[in-house]
Amino acid sequence: MLHQLNTQQREAVKYLDGPLLVLAGAGSGKTSVITQKIIYLIQQCGYQAREIAAITFTNKAAKEMQERVSQGLDKENSKGLTIATFHSLGMQIMRQEAAHLGYKAQFSILDAADSYKILADILATTDKALLRRLQWQISQWKNAFISPDQASANATEEGLVAAAKLYQRYQQTLKAYQAVDFDDLIKLPVELFEQNREVLNKWQNKLKYLLIDEYQDTNQCQYRLVKLLTGPEARFTAVGDDDQAIYGWRGADVENLNQLTQDYPRLKVIKLEQNYRSTARILKAANHVIANNPKLFEKKLWSEHGIGDVIQISAAQDEEHEAESVVMKLMAHKFENRTQYGDYAILYRGNHQARVLEQHLRNHKIPYTISGGQSFFDKAEIKDIVSYLRLIYNEDDDPAFIRAATTPKKGIGNTTLERLGDYAKQHQLSLFAAAFEGGLQSELGGRQLEDLLTFCRFIQRIQERASKDPAAEVLQQMLEAIQYEAFLYDSEEPRQAEIKWKNVSEFIQWLCRKATDEDGQERDLLSLTQMVALMSMLEDKNDSELDSVKLSTLHAAKGLEYGHVFLVGVEEGILPHRESIEHDKVEEERRLMYVGITRAKKSLNISWCQKRKRAGEVEICEASRFLAEMPADDVRHFGGNATQNQEESKASGKARLAQIKAMLSRTLIPILNS
DNA sequence: CACTCCGGGATTTTT
DNA sequence: TCCCGGAGTG
């Protein structure tokens, strides 16, 4: 296995003398290094699998790594290996050490929507902008380890004082629900480790080697967790690329790369500069563009692949023309090169840019898939079911209680919930616990109380079974008992209901699969439930096998590669985005451009619009400054200032399309008819 | 007064 | 696409 690696990769795998930073350029085989190193540690260095943890940012990355490790390692040897996201590792720590943190082991994990709602409830407001700002502020505080007390002590302006107060109430609410948010999953373990030497030692002894993927995306909190876990010996390999740091806006701190060199003077740095993905021209363009950023570490990608096609830069009249031109070029290219739709990707800065592209792809009957979109777990019907699971898992989870108790309707209305809520608050109880209190009888009518208790007893019955009976069976019976399917058909249009029910069934099937897979050991409903909160994408199965053009934001395309890439809307104001220009964040935008360029293996087509509709007005646009940073020898411009050029290229595109259509009808239609 | 329908506008997104 | 806000209706 090791012989397949190049010198630097092999060095990175074998280096064990101290902390190691691997600067892995785009397409330089960083995942191979991590997976090979895991295998190396186990097979050659006497490490036990359970002493090693590889940490990623997304479930997808974790899954991919898991698969690649198991290709090189038999089951026996990989048993106990941790390949997890930061959040999932944090959850594992918290589950085991919950008592130290004042939590029970079965705590709930709230997603962003849940915490948003809690804030909205506390403030009794619907002001979206305000709530989002506050949510962001609280998250910032958490990442910087500022407690509510410290926050209010430091707050100078009025707004911050109020926000700090809210932060405090928010934390109290979470505790009352026995719930944590995503930030807490990292922050609480860090706090525990800092306060409790014994627990820290335990974990340091347990995890002897750490590998961290996408290190440039870590935030302060995550870095601190790594530092604590790896201890003074600093047995870790961090793999990252400062040129691909594009998540600064959500708290990732590229400075963490720099920080490593300061915190660990003996840090070894290995650069992976050989690229196995793109042609020389594409890499040259990427290098040229990124050279305009100040850099922490000098790095230049090269490849053994040929020079490749010239990079095309086209100026389009407007978005419509751009989309049409992209589609025509794509069709022509596909026809001439006998490629598949799946070899193409169209990348853009903002989600809304996909709309016009979709329209044109549809017009030409080109299959496409849009990456991202709303997550499966954000769908209302899934959240409904999950709320039952959460409540079964942790009956103190009041948000789950409210959702489950009212969906489908079961005679528990707003007044009942309000009175129950008041009572619960007065007696410092969760809604679930309060329902069983004798004192509640005076507050509620007989019928109301009866409905409430029926629901709670129902939950209790499932709770009892959840840890004994097979998960699949309990789930199925629960679904039937709450009559969710009937509820969907009662409250939705038949078509909608059908789709939603299909989603629910898919979710249940997925859960059931999870209940038995991997080591063949049965998982009960309870242990299944705790993982649901951290899973967000299970729609990973069919989308890569489908032969379709991929539409994606630049952010969502990171880590992926495509034969032929169209990069659209490369204008001042879009890429770099206007907001980013105003807030002096152009460097991150340039990295985004860099990520876009380096997704391409064989060809790269960049386009921009000379005019664009914006706020009702037609706006004149300028080509992105990044285009001027491309190497002149390797690009060819189409369209541009001379209108006739544009007409020409449009006309030639149209002629080409007509030609292709004619050919298609000659070649394809007979086949279809036969 | 509340709900629906239509049109316009849009950073980026994971856990 | 999705979300929000304004206008129009029951």
Side-chain angles (χ1 to χ4, degrees), chain A residues 55-63 84-92 94 108-115 126-129 132 135-136 139 142-143 180-187 213-214 217-219 221-222 225 244-252 319 347-359 361-362 368-380 530-538 540 551-559 569 571 573-583 585-586 588-593 595-596 612-617 619:
Chain A
I55 310 176
T56 62
F57 273 84
T58 63
N59 290 314
K60 201 171 148 196
K63 201 180 153 195
T85 61
F86 264 105
H87 295 270
S88 149
L89 178 68
M91 182 190 78
Q92 285 171 43
M94 274 206 63
S108 296
I109 297 165
L110 302 183
D111 63 20
D114 292 318
S115 49
T126 53
D127 185 337
K128 208 184 150 184
R132 257 208 257 144
Q135 200 175 17
W136 179 83
S139 181
K142 287 190 175 186
N143 274 323
V180 298
D181 62 20
F182 287 132
D183 294 325
D184 286 338
L185 282 175
I186 320 280
K187 184 188 164 238
D213 190 21
E214 304 279 13
D217 287 340
T218 50
N219 61 28
C221 225
Q222 288 158 339
L225 183 64
Q244 290 187 74
I246 54 174
Y247 284 108
W249 51 274
R250 65 176 200 214
E319 280 179 286
L347 308 180
Y348 38 81
R349 176 65 230 259
N351 271 314
H352 62 277
Q353 292 174 266
R355 203 192 108 252
V356 58
L357 291 163
E358 266 186 276
Q359 228 164 47
L361 287 165
R362 249 201 306 261
Y368 65 86
T369 36
I370 302 188
S371 84
Q374 88 284 35
S375 155
F376 193 74
F377 282 80
D378 283 340
K379 294 177 197 293
Q530 56 155 327
M531 46 180 279
V532 169
L534 293 182
M535 292 299 206
S536 62
M537 32 168 139
L538 69 153
D540 44 10
L551 297 187
S552 171
T553 62
L554 287 163
H555 283 93
K558 192 171 81 148
E571 300 139 40
I574 304 262
L575 182 67
H577 197 273
R578 211 160 84 249
E579 300 280 315
S580 299
I581 297 172
E582 278 162 22
H583 295 97
K585 296 267 186 334
V586 174
E588 184 153 312
E589 299 286 306
R590 187 174 283 111
R591 292 193 286 266
L592 214 39
M593 179 77 185
V595 167
R612 183 180 286 272
K613 263 179 278 174
R614 192 174 206 130
E617 301 285 302
E619 198 176 76

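Proteins get letters first, then strands, A, B, ... in listed order; numbering begins at 1 in each.
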For [X] and [N], give me the distance from atom [atom1] to atom [atom2], rounded to whole Å.
X: A:I370; N: C:dT1; atom1: CD1; atom2: P; value: 9 Å
X: A:M91; N: B:dT14; atom1: CE; atom2: C1'; value: 16 Å
X: A:Q353; N: B:dT12; atom1: CD; atom2: P; value: 9 Å
X: A:M593; N: B:dT11; atom1: CE; atom2: P; value: 21 Å
X: A:E582; N: B:dT11; atom1: CD; atom2: C1'; value: 12 Å
X: A:R590; N: B:dT11; atom1: CZ; atom2: P; value: 22 Å
X: A:W136; N: B:dT12; atom1: CH2; atom2: P; value: 17 Å
X: A:E214; N: B:dT15; atom1: CD; atom2: P; value: 12 Å

Legend entry - A:D184 (side chain) donor-acceptor with A:K187 (main chain) under 3.5 angstrom: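 Not confirmed, A:D184 side chain does not pair with A:K187 backbone.
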Inset, instruction - Please check if the side chain of A:H87 supplies one atom and the backbone of A:L185 the other of a donor-acceptor pair under 3.5 Å. - result: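 Here the side-chain-to-backbone pair does not exist.
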Legend entry - Selected nucleotide, minimal atom distance to A:R250 side chain, candidates B:dT14, B:dA10, B:dT15: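 The answer is B:dT14, which lies nearest to the side chain.
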Legend entry - Per A:R349 side chain, nearest of listed nucleotides B:dT15, B:dT11, C:dT1: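 Taking heavy atoms from C-beta onward, the closest nucleotide is B:dT11.
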Legend entry - Pairwise 5' ranking along DNA chain B for A:R355 and A:L554, keeping only the more 5' one: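 On the 5' side of the pair lies A:R355.
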Can you tell me if [X] touches the phosphate of [N], counting only side-chain N or O atoms and a distance under 4.0 Å to OP1 or OP2?
X: A:N219; N: B:dT14; result: no
X: A:T553; N: B:dT13; result: yes
X: A:N351; N: B:dA10; result: no

Inset, instruction - May I ask whether A:H555 stacks on the base of B:dT12, given the cut-offs of 5.5 Å between ring centres and 30° between planes? - result: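 It does not: the ring fails the test against the base of B:dT12.
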Legend entry - A:F86 ring over B:dT15 six-membered base ring, under 5.5 Å and 30°: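 By the stated criterion, A:F86 and B:dT15 do not stack.
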Inset, instruction - Could you list the residues that satisfy ring pair (Phe, Tyr, Trp, His ring centres under 6.0 Å) with A:F86, not counting sequence neighbours? - result: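 A:F86: ring pair (Phe, Tyr, Trp, His ring centres under 6.0 Å) contacts with A:F57.
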Legend entry - Test ring pair (Phe, Tyr, Trp, His ring centres under 6.0 Å) applied to A:W136 - qualifying residues, sequence neighbours left out: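 Per chain and number, A:W136 pairs via ring pair (Phe, Tyr, Trp, His ring centres under 6.0 Å) with no residue.
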Legend entry - Sole candidate of A:Q222, A:R250, A:K558 that passes side chain to side chain donor-acceptor pair (under 3.5 Å) when paired with A:D217: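 It is A:K558, the one option of A:Q222, A:R250, A:K558 that forms the side chain to side chain donor-acceptor pair (under 3.5 Å) with A:D217.
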Under-3.5 Å N/O pairs linking protein and nucleotides 4-6 of chain C:
unit_1: C:dC4; atom_1: OP1; unit_2: A:K128; atom_2: NZ; d: 2.7

Legend entry - Modelled atom types, side-chain donor and acceptor of A:S115 and A:Q135, under 3.5 Å: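 Looking only at side-chain atoms, A:Q135 and A:S115 do form a donor-acceptor pair, the distance falling under 3.5 Å.
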Inset, instruction - Decide, yes or no, whether a salt bridge links A:E588 with A:R591 under the criterion of side-chain N to carboxylate O below 4.0 Å. - result: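 Salt bridge: yes.
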